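Notes follow once the structure below has been shown.
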There are 2 protein chains.
Amino acid sequence: MPRPRSPLLSVDAIVSTALSLVDAFGDFSFPKVAKELGVSQSALYNYIENREHIIELMRGRVFSSRPLLDTENLSWEDALRTLAHGYRTCLLEHPRLVPLLVTQTVRDLGVMGIYEDMAIVLGKAGLAASAVVPAITTVDYLVLGSALELTAPEVVWSPPSGQFPALSAAIANLGPPAKRSEAAFAFAVEMLLAGLRQGVKMDF
Amino acid sequence: MPRPRSPLLSVDAIVSTALSLVDAFGDFSFPKVAKELGVSQSALYNYIENREHIIELMRGRVFSSRPLLDTENLSWEDALRTLAHGYRTCLLEHPRLVPLLVTQTVRDLGVMGIYEDMAIVLGKAGLAASAVVPAITTVDYLVLGSALELTAPEVVWSPPSGQFPALSAAIANLGPPAKRSEAAFAFAVEMLLAGLRQGVKMDF
DNA sequence: ACCTGAACACCGTTCAAGT
DNA sequence: ACCTGAACACCGTTCAAGT
């Protein structure tokens, strides 16, 4: 095949295809991305370095829709709440991406900006400097964990009949996964805010 | 090769080998487990059903060291704190197992027992029934996220020089990963406890 | 510059065949 | 009952070769 007049591929096209595969099947592979784009497997390496690179590009894509925060006109509480929920919202349409994200260091600068925003907000909250990273880390855990929950086809715990009465009772009348995940996340964020509000000081 | 007098394999041996591979390399494979045990790859299927099964057995193994909780003589706060930290402690020596765990539904009964204990404790705390699962879910996120952090060779965020001043400042003088993860987890658990104590009520 | 095709070293799972 | 070996359908990555 001769070299095409305009390239058949692009980084964007590769990332889009990989992301749609992740959304649909929970994973992607070079053969599948190549097939989808009607191109040979090795052609992908003209645009990306390796599998990790594609994943990092997907991370950037998903969080590029991050809404700009008006840090000035908000109380630190409202700012942090908005940041946390906005962060999570970006993942809502791509929850199956999370397992691929959690094993890789964050390099995307857009995502780094979210952390920077949180650091600023927490500083304004008067949180001890040594507690800023723990607090950000906590939000991170909550966002990723919450999104991860949307991945499971069923509930994460499926206690067998009879045993585990307290757990079974608590699970009994739960809403659909989306609502449940949202509720758990909102709950956790409010817990965090309440804790910060109370000015819990610990010696790290 | 004739059938050996006593079996060359056992579920326990397979799980131990897989777990040590995960600890060392962050993953395991059938060829590697088989090689380690001096056996052919397909022989493993006489003891386990598939890859998922091995992972679930590793989950059970890791959490089998769970300390029994004296629920009676503790305040709900101390009980929940102890449960959460004990839960996390089980993962401390096998943090690289976490990525394999988070994509699979929990079937192991021992692990289910931890959730049951938490449900009981939270009921005693007087938490609204509808908030029990969100609270347990929160602990779950925190434990897995905290353990996951021990996986990364470096810090999860590595902000480039110059940009992200607030984040860089917060990261500046952090302890070693183990201490940092411990601190973030302890922080988050205390936040949760403080929130529960305050009796934050939300309508889920 | 951009793509193909073959090659390599890996995977998980099945199954006939041996004792 | 317990294991081997071959087979199958997959992976990620490299590299010579084409235009």
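These numbers come from a predicted model, not from an experiment. Convention: sequence-line order gives letters A, B, ...; per-chain numbering from 1.
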Measure the distance from [atom1] on [X] to [atom2] on [N] and round it to the nearest whole Å.
{"X": "B:K32", "N": "C:dA9", "atom1": "NZ", "atom2": "C1'", "value": "11 Å"}
{"X": "A:L44", "N": "D:dT13", "atom1": "CG", "atom2": "P", "value": "11 Å"}
{"X": "B:R51", "N": "C:dC11", "atom1": "CZ", "atom2": "P", "value": "10 Å"}
{"X": "B:H53", "N": "C:dT13", "atom1": "NE2", "atom2": "P", "value": "12 Å"}
{"X": "A:N46", "N": "C:dT4", "atom1": "CG", "atom2": "C1'", "value": "11 Å"}
{"X": "B:I48", "N": "C:dG12", "atom1": "CD1", "atom2": "P", "value": "10 Å"}

Considering every strand and a 4.0 Å limit on heavy-atom distances, what is the contact class for A:S29: base, sugar-phosphate, or nothing?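 A:S29: backbone/sugar contact only, no base atoms under 4.0 Å.
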When only distance counts, do a donor and an acceptor, one from the side chain of A:S42 and one from the base of C:dG5, lie under 3.5 Å apart?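 Indeed there is one.
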Partner of B:V33 under side chain to side chain contact (heavy atoms under 4.5 Å, CB included), picked from B:T17, B:V39, B:I48, is B:T17
For a quick check under 3.5 Å, do A:D140 and A:Y87 share a side-chain donor-acceptor pair by atom type?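 A:D140 vs A:Y87: donor-acceptor pair found between side chains.
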Residues B:R96 and B:T151: side-chain donor-acceptor under 3.5 angstrom: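 There is no such pair (donor and acceptor under 3.5 Å, judged by atom type) between the side chains of B:R96 and B:T151.
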Strictly by Watson-Crick or wobble contacts shorter than 3.5 Å, is anything paired with D:dG5, and which nucleotide is it?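 Base partner found: C:dC15.
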May I ask you to evaluate whether A:Y45 reaches the phosphate of C:dC2, defined as a side-chain N or O under 4.0 Å from OP1 or OP2? no
Check B:C90 against B:F63 and note the closest heavy-atom contact, atom names and distance. CB-CD2, 3.4 Å
